[in-house]
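Below: the structure, in structure tokens.
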Amino acid sequence: MKPTSRTLARKTLTRLGVTTILAVGLAAPALADISKRTITVSNGVSETHPVADGVEAMRACMSERTDGAWTLNTFWSSSLGDDLQATQALRSGIQEMVITSTSPLVGIEPALGVFDLPFLFANAEEADAILDGEFGQMISDQLAEAGVVNLAYWENGFRNLTNSVRPVESLDDFEGMRVRVMQNNIFLDTFQTLGTNAMPMAFGEVFTALETGAIDAQENPFVTIETSQFYQVQDYVSATRHAYTPFMVLFSGPIFGTYSQEEQQILFDCAVIGRDVQRATSRALSDQSLANIQENGMQYNELDEAEMQRIRDAVAPVYDRHAATIGVEVVDGIRGALAELRGN
Ligand code: KDG
């Protein structure tokens, strides 16, 4: 007997109903655990910096894992405040995320100062091993007590000096230079020990201070020097590699607590996806950035090993002077982890 249109209709509805139930049923755990969300993330560098590559990879990951339920809104060049201000907004639960250097946050978590110790890491491989290993996790655990969740360490990078006075080819060449440093007593002490007139300042104020001549110098990775266009207001760049600064992808502790476990895992997973893209881009662009700032008029120099050793020796006492503030066990911990890495 040929089925009536009514029967066909019922079969279709049933099939449709079963399909829908299956679809909702299959999706239900995910939909139940994933809410529609808008996440604000801010940073102090410009959108041309490799941080943007990491953010785009993180955004794509979030979109895929939440089936488009999450929106990531980005704010660049300190437009939502400097690193410390944005981090305080996270602690208050009025902003979700910031990608920040560790250095400006030592007032919140003194142990972060360990990463400001001069010449701590010899290369990026060491930095990755420490940051992505037990030591980095220990620091992240301490940050959780301060009301922020560190989702991953990204790369700011090895820092080099720029200035508008003279090429810095020896320890003596630092003498009297008005150098902007991050708002951090370890950087302040390091550059005072080198003989400079070190001046703490938020990153967003540096370009204008260089442009007006209020300061002579600043120090940042080549990629930041290029993307912040410091070559417009600086004449010399010297390969001092005097410190390696990590970025952290921080999330608001109060807001994190309102996310389901599945959502929290997505945050961690996508920040790590972003980390690998951001680090790779930062390292791939470093040499190109150095070439570009030279093409834009900066005079580049490296220092001979004897002078570099004089500089390293001059700032070595900074470690002992700040161990108590950072935490003796923290300084000993990273020294031990590095010794193990180096097979010492
Ligand atoms: O938000 C990131 C910036 O603040 C970063 O570039 C920090 O390296 C930094 C500096 O010199 O302040």
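We use all heavy atoms of the structure for the numbers below, so side chains are in, but hydrogens, waters and symmetry mates are not. Counting starts at 1 for both ligands and their atoms, in listed order. Heads up: numbering here begins at 1 and tracks the sequence.
A salt bridge links R275 and D132; the closest N-O separation between the charged side-chain nitrogens and carboxylate oxygens is under 4.0 Å. Under 4.0 Å is where a charged nitrogen must lie from a carboxylate oxygen, and between E305 and R312 at least one such pair does. Note on R65 versus E262: no salt bridge recorded, every NZ/NE/NH1/NH2 to OD/OE distance being 4.0 Å or above. No salt bridge links R180 with E205; every basic N to acidic carboxylate O contact stays at or beyond 4.0 Å.
The 4.0 Å heavy-atom shell around ligand 1 contains residues N43, G44, V45, D83, I99, S101, N156, R159, R180, M182, F203, N220, F247, ordered by chain and number.
Looking at heavy atoms from C-beta onward, H49 lies in side-chain contact with T224 at the 4.5 angstrom threshold.
Between F191 and H242, the ring centre distance stays below 6.0 Å.
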